[in-house]
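The structure under discussion appears below in the form of structure tokens.
When a ligand or atom number is given, it counts from 1 through the structure's own listing order.
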Amino acid sequence: MLLYDAISPAPRCLRMFILEKNLTIPAQTIDVMTGENRQEGYLALNPAGQTPALRCENGQILSEAVAIAEYLEELYPQPSLIGTTAQERAETRMWWRRVELNITEFIHNAFHYAEGLARFENRIPVLPEAAEGLKRVAQDRLTWLDQMFGEGPWLCGARFSAADIWLYVWLDFGRSVNQAFDPTLPKIGPWFERMDARASAAQSKLLMATLTNTQK
Ligand SMILES: N[C@@H](CCC(=O)N[C@@H](CS)C(=O)NCC(=O)O)C(=O)O
């Protein structure tokens with residue numbers, strides 16, 4: 001197995017997921033800042049041109065961080081981050097989709113259209129005029145999520161899950177690109193502090209290759 005990793009939020013979601021599952025996967029770093037991911041060599045592996053990606057044992061390349069996480073959970077079910085029963089898995093995916101479809105995709109696109117514009121305008125279609133609106137939607141939907149948040153401590157109640165990881169990584173990224181969330185949100189504020197205190201939060205800031213090398 002080989003992970004195509006990068007210093008960026010979607011790869012960090014997967015790194016944090018891998019760390020929480022206590023896995024060590026060899027990794028190669030792709031330089032998304034200079035656009036290595038948009039050049040011939042990487043496109044031959046992953047025509048979608050984005051990171052992360054995973055080379056499976058049989059040579060197949062998977063991309064989309066969520067799909068890779070699902071694959072790893074099936075290969076290595078414990079500790080479970082998606083669920084051990086049909087109902088648990090559905091609950092995780094319910095929160096995961098709420099997080100991705102309503103919050104993190106908006107943060108991501110707003111970044112492409114504003115702070116990341118210079119880097120992305122020659123890579124993908126960009127809508128700078130939409131950036132401020134997208135930022136507002138992400139924050140509005142975070143308030144909506146806060147209101148639905150149960151007793152916790154995690155999105156799926158007592159069960160820590162991949163949905164927590166995805167939301168945390170993107171909110172942490174948002175803080176660095178002019179999309180800071182409101183830390184006074186009654187549920188999300190304390191939840192973020194709990195997430196931030198997990199060892200995987202700090203460790204996932206490092207690239208997987210670094211972790212692999214230091215563990216050897
Ligand atoms: N939906 C994809 C998004 C992948 C994605 O946007 N990756 C970013 C890093 S966060 C990337 O490779 N950006 C460089 C580029 O698009 O040129 C996933 O979750 O894996």
- Item | salt bridge (Lys or Arg N to Asp or Glu O under 4.0 Å) evaluation trace for Arg89 with Glu73 | CA-CA 11 Å; Arg89 286 190 288 276; Glu73 174 98 350; over 6 Å; no

- Look only at the side chain of Ser8 and the backbone of Ala10, and say whether a donor-acceptor pair between them is shorter than 3.5 Å. no

- Query: Between Arg97 and Glu100, is there a salt bridge with N-O shorter than 4.0 Å?
  - Reply: no

- Answer yes or no: is there an ion pair linking Arg12 with Asp172, defined by an N-O contact shorter than 4.0 Å? yes

- Amino acids contacting ligand 1, non-hydrogen cut-off under 4.0 Å: Ser8, Pro9, Ala10, Pro11, Val32, Asn37, Arg38, Gln50, Thr51, Pro52, Glu64, Ala65, His108, Phe120, Arg123

- Query: Is Glu105 paired with Arg141 through a side-chain N to carboxylate O contact shorter than 4.0 Å?
  - Reply: no

- Between Arg93 and Glu70, is there a side-chain N and carboxylate O pair less than 4.0 Å apart? yes

